[in-house]
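Worksheet for the structure shown next.
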Amino acid sequence: MQHPDAARSSAPIVAANGLSMHFAERTRFLGRVKGNPLRAVDGVSFHLERGRCFAVVGESGSGKSTLARMLVGLLRPTAGDVELAGTRLSTVDEAGLRAMRRRVQLVLQDPRASLDPRMRIGAVLEEALIVHGLGRSRQERQDRIMRALRQVGLDAQHLDRFANELSGGQRQRVAIARAIIVEPEILVLDEPVSALDVSVQAQVVNLLMDLQEQLGLTYVIITHDLALVSHMADSVGVMYLGAFVESGPVSAVVAAPRHPYTKSLLSVVATSDPRIERDKPITILEGQIPSPRNMPSGCTFHTRCPLARQIAAQEGGQTAVPAPCATQKPEPRLVQGRTLTCHYAERLG
């Protein structure tokens, strides 16, 4: 069931180039849009090679799920472009977009929201095949359905059940089966295990890793779980207010974070060693995450950045943070094996 093109090229299969998604305020006054746009995603770029896994992490409201929906073509970006297997989504019409969606499938956090409660599981899976024109006969479709069920650890007894008759783990397995049954190249997984009991999460993670190896799949994982990132991902982008503040190989970013925001996220990840957990410093950021409708000027993280305040104090300035942080938007820079978006990237450590 591996896609025939899976081994052809080492070129990026997913490329996000300057992606932005700004939602206009709906309130109107004298025929004009009133208020600031909501900048959900703001200039995100990354490249992902075939068969690899890229994770996007950050707090709730950082723009992760909006990015996921742009990657599968459910949202058209206000700026930038998505390129999947060499095809730019901005260049295809609706028919082409439907065809492309067979190659990239989205698996949501809560399968109860995506599985029709009035349809039996067999019908849910068959519908995916019919929509994409796969399976010339009913028997061929049934064969595909049974193969997909077995691949996710389910069997024929689940075909006649409704979603509400299944456990949370079984529902997520059905959602994964519906995604892989159309033989995609890419899965975008939006918080794939966060709605599951802890005892079930490891089973689903292991299933996803097995499927990636068996089918040659490429994954983009949207998550807030840095432990999951360490286990599954090859590279990671840390998102704050719609943009990456640090990105690079997991071995660099998670093992030795440099940006203050990444350090804060990692400081609250539990470890299995109680001695490390007891002595581990926890970084609590001051203040609240700003509204994406009223972004801070300059570096959007400067209102919560402990490094900016520390540098301002060392320099004896009259302001709470250095002038560049408050007034100038920093450009991403490659430093020690990862990309950092910070005016003082070389001083991070």
Side-chain angles (χ1 to χ4, degrees), residues 1-8 13-14 50-51 53 71-74 84-85 87 92 94-190 192-193 200 203-221:
M1 201 163 157
Q2 183 173 347
H3 194 279
D5 293 334
R8 284 189 185 176
I13 188 174
V14 181
R50 193 181 296 274
C53 177
L71 293 177
V72 298
L74 293 177
L84 301 176
T87 300
V92 299
E94 285 302 318
L97 196 56
R98 284 195 298 272
M100 181 61 67
R101 284 181 183 142
R102 179 191 164 187
R103 305 177 74 176
V104 53
Q105 288 284 303
L106 175 65
V107 177
L108 297 172
Q109 172 183 4
D110 185 359
R112 288 175 297 184
S114 61
L115 298 178
D116 191 329
R118 299 164 298 180
M119 295 176 67
R120 299 184 189 275
I121 299 309
V124 168
L125 297 177
E126 186 174 23
E127 181 183 50
L129 293 172
I130 293 171
V131 165
H132 290 282
L134 299 174
R136 301 176 191 176
S137 66
R138 181 71 186 276
Q139 184 57 53
E140 186 178 343
R141 292 195 295 272
Q142 288 301 307
D143 291 343
R144 286 175 176 262
I145 288 168
M146 287 308 305
R147 185 169 62 216
L149 280 179
R150 287 192 295 269
Q151 286 175 316
V152 300
L154 300 177
D155 53 40
Q157 68 173 325
H158 298 95
L159 286 174
D160 291 328
R161 296 184 184 179
F162 294 99
N164 62 5
E165 296 177 313
L166 303 178
S167 67
Q170 289 172 335
R171 283 194 293 266
Q172 192 64 301
R173 288 173 186 267
V174 170
I176 295 168
R178 183 178 57 182
I180 66 171
I181 201 171
V182 300
E183 302 181 16
E185 298 174 71
I186 305 157
L187 289 190
V188 177
L189 304 153
D190 192 353
V193 298
V200 181
Q203 299 173 20
V204 174
V205 168
N206 289 335
L207 169 65
L208 288 169
M209 294 179 70
D210 289 343
L211 290 173
Q212 183 180 26
E213 182 177 355
Q214 294 166 13
L215 307 179
L217 293 168
T218 302
Y219 287 163
V220 177
I221 297 182

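Here the structure is a predicted model, which is why all the values come from computation and not from measurement.
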Write down the atom of [X], the atom of [Y], and the distance for their closest heavy-atom approach.
X: Asn164; Y: Arg171; value: CA-NH1, 4.3 Å
X: Leu187; Y: Ala179; value: CD2-CB, 3.8 Å
X: Val104; Y: Pro184; value: N-CB, 4.4 Å
X: Ile221; Y: Cys53; value: CD1-SG, 3.6 Å
X: Arg103; Y: Ala85; value: NH2-CB, 3.2 Å
X: Leu84; Y: Leu71; value: CD1-O, 3.5 Å

Working to the nearest 0.5 angstrom, can you tell me the gap between [X] [atom1] and [Y] [atom2]?
X: Leu189; Y: Gln172; atom1: CG; atom2: CD; value: 8.5 Å
X: Gln212; Y: Asp210; atom1: CD; atom2: CG; value: 10.0 Å
X: Ile13; Y: Leu217; atom1: CD1; atom2: CG; value: 9.0 Å
X: Asp110; Y: Asp190; atom1: CG; atom2: CG; value: 11.0 Å
X: Arg120; Y: Phe162; atom1: CZ; atom2: CZ; value: 3.5 Å
X: Gln151; Y: Ile180; atom1: CD; atom2: CD1; value: 4.5 Å

Set of side-chain contact (heavy atoms from CB on, under 4.5 Å) partners for [X], sequence neighbours left out:
X: Asp155; answer: Gln157, His158
X: Asp143; answer: Gln139
X: Met209; answer: Val205, His231, Met232

Contacts of Asn206 that satisfy side-chain hydrogen bond (donor to acceptor under 3.5 Å, both in side chains) - sequence neighbours left out: none
Answer yes or no: is there a donor N or O on one side and an acceptor on the other, between the side chain of Glu140 and the main chain of Arg136, under 3.5 Å? yes
Min side-chain heavy-atom separation [X]-[Y] under 4.5 Å:
X: Arg50; Y: Glu185; result: yes
X: Val174; Y: Val152; result: no
X: Ile176; Y: Leu208; result: yes
X: Gln142; Y: Met146; result: no
X: Val107; Y: Tyr219; result: no
X: Leu115; Y: Arg178; result: yes

Qualifying residues under salt bridge (Lys or Arg N to Asp or Glu O under 4.0 Å), relative to Asp160, sequence neighbours excluded: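 With sequence neighbours excluded, Asp160 shows a salt bridge (Lys or Arg N to Asp or Glu O under 4.0 Å) to no residue whatsoever.
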Please report, to 0.1 Å, the donor-acceptor pairs under 3.5 Å made by any side chain of residues 121-134, with sequence neighbours excluded.
| unit_1 | atom_1 | unit_2 | atom_2 | d |
| --- | --- | --- | --- | --- |
| Glu126 | OE2 | Arg138 | NE | 3.1 |
| Glu126 | OE2 | Arg141 | NE | 2.9 |
| Glu126 | OE2 | Arg141 | NH2 | 3.3 |

